[in-house]
Every structure is written in structure tokens, then in C-alpha cells.
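Written below as C-alpha cells is the structure these notes are about.
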Amino acid sequence: MMAGGPAALVMAALSQSISARTPERRLAFTNPHNGERYDACFFANGRYRPEGLAELNHALRDWRTGATRHMDPALFDLLVRVREKLEVSPRSHLKLVLGYRSPKTNRALHAQSHSVASKSQHMLGKATDISILGVSLSRLRDVALSLRGGGVGYYPHDGFVHIDTGSVRHWS
Ligand SMILES: [Zn+2]
């Protein structure tokens, strides 16, 4: 696609609110379950970068089964906004407790514990459970809530905050 084509213009307009301040957007994750680390630029020069999105989709795959899916790019944008508001460096790694969860894994976990929702934003590729080194969970929660980008769940005993791009709501 040409950089100046109509689709690029629409994409640029949609993301204008943060692109003005952040022409290049990147995310870095560490996965505590397998020790993997990722650092990918998923947006540059006014458009999403397929290679960067693919790397993040892989980073956020269901770590139990290896299943991947296309994650909502708006979720990545939301995480960038959270990180910016916290004034955390783009190079610092978010601890990724959970990204995508496949229906198969969810069924198995739901059978063990009904605290696992049978329908979750994780299965739709629209949620992450994260923490950030040096940032308290309550502050991470407050900043996520202030952005009103979707759902925010507070799990202090499990050591993470759930952030999704579903409807605006919160729970703990
Ligand atoms: Zn979650």
C-alpha cells in the first residue's frame, strides 16, 4: 500500500490522538511463564507495521498451547498510552502474565475454577494481564482507569492488572 493512500490516511486519523506525541510506537514484554522477551515497533510513519504486529501477536500467544490470534491493535495503543502516562521508558519490559487465551485452555481452566470467566476478552484478543517493574499495581490500575479505554480489573493478590479494549467497566 502507498504510504499516502486513502487507507493510510484513515488509519492515521484514527490514531491521531497519540501519533502526534508518539510517531513511533513500540512495546516490550517479558513472559514470566517461559522467560521470553520481546521488543517490537508496531507503528511508524503513520501506519501500523505488520511485522511488528505479528511479533506482538506471537509474544502474546496462549503460552500453554502455543495458539496465536490477531490481537486488537487498539490494545497495543492503549498499553502505550498507559506506559506514557506513567512516564515509563518505551524500552522497559511489561511483565506479561496473560495475553491471548485459546478457547481450549479457557474451557480447561473454567472447568477447574469458575472464577475463570467462560467468555473473556482474552479469548477475543483484546486483553492483557500485566504489571510493570517499579510501578505499584494500584497506580497502574488508576492510570488505566483514567484513560477509559476499556475494562480494568485489579488483582493485587495475583500481582497484575487486567486491561482490555472491551466496554468501559472495572472490577476487583
Ligand atoms: Zn485478564
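Computation of the quantities below employed the complete heavy-atom set of this structure, encompassing side-chain atoms and omitting hydrogens, waters and symmetry-equivalent molecules. Remember, it's 1-based here, ligands and their atoms both numbered in the order they're listed.
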Backbone N or O of H58 within a donor-acceptor pair of the R61 side chain at under 3.5 Å?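 Yes; judged by distance alone, with no hydrogens or angles, the pair exists.
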Taking H162 for its side chain and D129 for its backbone only, find out whether a donor-acceptor pair lies under 3.5 Å. no
Using ring-ring contact (aromatic ring centres under 6.0 Å, His included), reason through Y38 and F29 one step at a time and then give a plain yes or no. CA-CA 5 Å; Y38 294 89; F29 291 105; 8.2 Å; no
Connected via hydrophobic side-chain network under 4.5 Å: L147 and I132: yes
Give me the other members of the hydrophobic cluster that W63 sits in, counting Ile, Leu, Val, Met, Phe, Trp and Tyr linked by side-chain heavy atoms under 4.5 Å, directly or via other members.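 L98, listed by chain and number.
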Atoms named by residue and atom, protein N, O or S, within reach of the Zn ion (ligand 1) (under 2.8 Å):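 Short answer, with waters excluded from the count: H122 NE2, D129 OD1, H162 ND1.
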Flag for T68-N57: side-chain donor and acceptor within less than 3.5 Å: no
